[in-house]
Participant: 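This structure is in structure tokens; I'll ask about it shortly.
Chain identifiers are assigned alphabetically (A, B, ...) following the order of the sequence lines, protein sequences preceding nucleic acid strands; residue numbering begins at 1 within each chain.
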There are 2 protein chains.
Amino acid sequence: MYDLTPIIGENLAKLRRKKRLSLDKLSELSGISKAMIGQIERGESNPTVNTLWKIASGLRVSFGKLIDTNQPATELVRLNDITPIIDTDGMTLVPLFSFDNDKGFEIFSVTMPPHSVHEAAGHVGGSEEYVLSFEGNLEVTMETETYTLAAGDAIRFKADQTHTYRNPSDKIVKFQTIIYYS
Amino acid sequence: MYDLTPIIGENLAKLRRKKRLSLDKLSELSGISKAMIGQIERGESNPTVNTLWKIASGLRVSFGKLIDTNQPATELVRLNDITPIIDTDGMTLVPLFSFDNDKGFEIFSVTMPPHSVHEAAGHVGGSEEYVLSFEGNLEVTMETETYTLAAGDAIRFKADQTHTYRNPSDKIVKFQTIIYYS
DNA sequence: TATTTTTGTATGTTATAATATACTTTAATT
DNA sequence: AATTAAAGTATATTATAACATACAAAAATA
């Protein structure tokens, strides 16, 4: 999984230098030992939230500044470079952009083998799905309604209800889905 | 100093319930042991940023949601209820609103005894001060310029340069200052 | 150059975050 | 009611965050 410590270290060192504070001075301002601050800057420690909070306050910067993951302006993702998640019903999920903390959504590329069905229990909490049909004919069912999407079609629905994906054909079906969490 | 653990606990418990997840399920989604999640919810643990990050990601909420300190809509501060900071040169500082992580500024009430001087080294990093004169005549000097403020006057200046407060009179001088950090 | 001061790093110790496991309690099923 | 399952809590152990102190290197002063 994702490790924040190098990012925090970089941010902290940069901010401290910008304010021309020594480890000693920041230690005094924040109430955190300079040894700890040094270790955090070098990415050698995984600080607790309280510690990082005090450092942020001492520095007079927001907490967010310290965990800000200066993402590159552009991020190209090759479908084939990502290891897919194979579901029990044969559906293949490729997380193109997995959930990112400061965005509220994630994007998957999905492949369904011929004559396959995937039933998804509603993800509670007001989430929404946007499905972009990509190849083949996809059937989406929720509650009572069923929709058939041809390549290029799209559908949006509240995902807090149970919904079913079905590929009734002999051919593979592909689509992308954007899941948005309130 | 400020302790985030009860706030995080409350936020986490609330969010997890809203999404109808058990400790076990969230543990599985986040990769953090359910015992730890339980302890955090009860405010019994001060989690590391990496741990909280994983929990936030598992929950599909932003990190900020977990450390969000639902401030009350209104906050009345009585000058006399706050213990002042007495400076070496006799200046008295009362932090009316001390630095708050998600705002970028803080507000002090300041009292200067007769014939007193306070020299402030520039707070580096593009910070700004807004001084609101409240009682008596206040002299503010930065670089070459000197300004004299009567009660009710105000001044704004970049605080990255050395600046001096002076009360040349026989009477007490009071003012408030808002310090804004870039 | 020698001396002092300032800066960051290294080391040993203590407190506690995090885990794994077992336990209790409540809810569901037979 | 008895049994099973699902939920949260308690306990013991391990890993490590955080501190205090001492050290090394660089900068400033004499």
Participant: Can you tell me which nucleotide in C:dA22, C:dA17, D:dC19 comes closest to the side chain of A:Ala35?
Facilitator: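 Within the option list, the nearest is D:dC19.
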Participant: From CG of A:Leu26 over to P of C:dG8, roughly how many Å is that when rounded to an integer?
Facilitator: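 Between P of C:dG8 and CG of A:Leu26: 10 Å.
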Participant: B:Arg16 side chain N/O closer than 4.0 Å to the phosphate oxygens (OP1, OP2) of D:dG8?
Facilitator: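 B:Arg16 to D:dG8 OP1/OP2: side-chain N or O found under 4.0 Å.
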Participant: Counting heavy atoms from C-beta on, name the nucleotide in D:dA18, C:dG8, C:dA17 closest to the side chain of A:Pro47.
Facilitator: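 Nucleotide nearest to A:Pro47's side chain: D:dA18.
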Participant: For B:Phe175 and B:Tyr165, I'd like to know if the aromatic rings sit close, meaning centre-to-centre distance below 6.0 Å.
Facilitator: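 Here the rings of B:Tyr165 and B:Phe175 have centres that are less than 6.0 Å from each other.
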Participant: Let me know the distance between CZ of A:Arg20 and P of C:dT6, rounded to the nearest Å.
Facilitator: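 Checked: the CZ to P distance equals 18 Å.
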Participant: Step through it carefully: locate the ring centre of A:Phe97, locate the ring centre of A:Phe108, and say whether they are under 6.0 Å apart.
Facilitator: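 A:Phe97 vs A:Phe108: aromatic centres not under 6.0 Å.
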Participant: Taking the six-membered ring for Trp and the full ring for Phe, Tyr or His, determine whether the centres of A:Phe157 and A:Tyr130 are under 6.0 Å apart.
Facilitator: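 Not close enough - the centres of the two rings lie 6.0 Å or further apart.
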Participant: I need the CG-P distance between A:Asn46 and C:dA17, as an integer number of Å.
Facilitator: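 Spelled out: CG on A:Asn46 to P on C:dA17 is 12 Å.
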Participant: Just checking A:Glu41: base, sugar-phosphate only, or nothing, at a heavy-atom cut-off of under 4.0 Å?
Facilitator: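 If one applies the 4.0 Å heavy-atom cut-off, A:Glu41 turns out to touch nothing in the nucleic acid.
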Participant: Once you round it to whole Å, what is the distance between P of C:dA17 and CG of B:Leu4?
Facilitator: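 To the nearest whole Å, that distance equals 13 Å.
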Participant: Send over the distance from A:Glu44 CD to C:dT11 C1', rounded to a whole Å.
Facilitator: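 Taking atom C1' of C:dT11 as the reference, CD of A:Glu44 is at 12 Å.
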Participant: Quick one: OG1 on A:Thr51 to CD1 on A:Ile37, what's the gap to the nearest 0.5 Å?
Facilitator: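 Atom-to-atom, A:Thr51:OG1 and A:Ile37:CD1 are 9.5 Å apart.
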Participant: In whole Å, I'd like the distance from the CG atom of A:Leu23 to the C1' atom of D:dT21.
Facilitator: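 Going from CG in A:Leu23 over to C1' in D:dT21 covers 16 Å.
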Participant: Among D:dC19, C:dA18, C:dG8, find the nucleotide with the atom closest to the side chain of B:Thr51.
Facilitator: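 Taking heavy atoms from C-beta onward, the closest nucleotide is C:dA18.
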Participant: Can you tell me the distance, in whole Å, between the CD atom of A:Gln39 and the P atom of D:dA20?
Facilitator: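 Checked: the CD to P distance equals 13 Å.
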Participant: Could you state the CG-P distance from B:Asp24 to D:dT9, rounded to the nearest angstrom?
Facilitator: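 Taking atom P of D:dT9 as the reference, CG of B:Asp24 is at 12 Å.
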Participant: Identify which nucleotide among C:dA18, D:dA7, D:dC19 has an atom closest to any side-chain atom of A:Ile32, counting heavy atoms from C-beta outward.
Facilitator: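 It is D:dC19.
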Participant: Give a yes/no on whether any side-chain N or O of A:Thr48 is located under 4.0 angstrom from OP1 or OP2 of D:dA18.
Facilitator: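 Checking A:Thr48 against D:dA18: at least one side-chain N or O falls below 4.0 Å of OP1 or OP2.
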Participant: Let me confirm one number: the CG-CZ distance from A:Leu21 to A:Arg60, rounded to the nearest 0.5 Å.
Facilitator: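 The CZ atom of A:Arg60 is 10.5 Å from CG of A:Leu21, to the nearest 0.5 Å.
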Participant: Looking at the side chain of B:Lys34, which of D:dA17, D:dG8, C:dA18 is the nearest nucleotide?
Facilitator: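 Selected nucleotide (nearest to the side chain): D:dG8.
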Participant: Just N and O in the side chain of A:Ser33: are any of them under 4.0 Å from OP1 or OP2 of D:dA18?
Facilitator: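 Looking at the OP1 and OP2 atoms of D:dA18, neither is under 4.0 Å from any side-chain N or O of A:Ser33.
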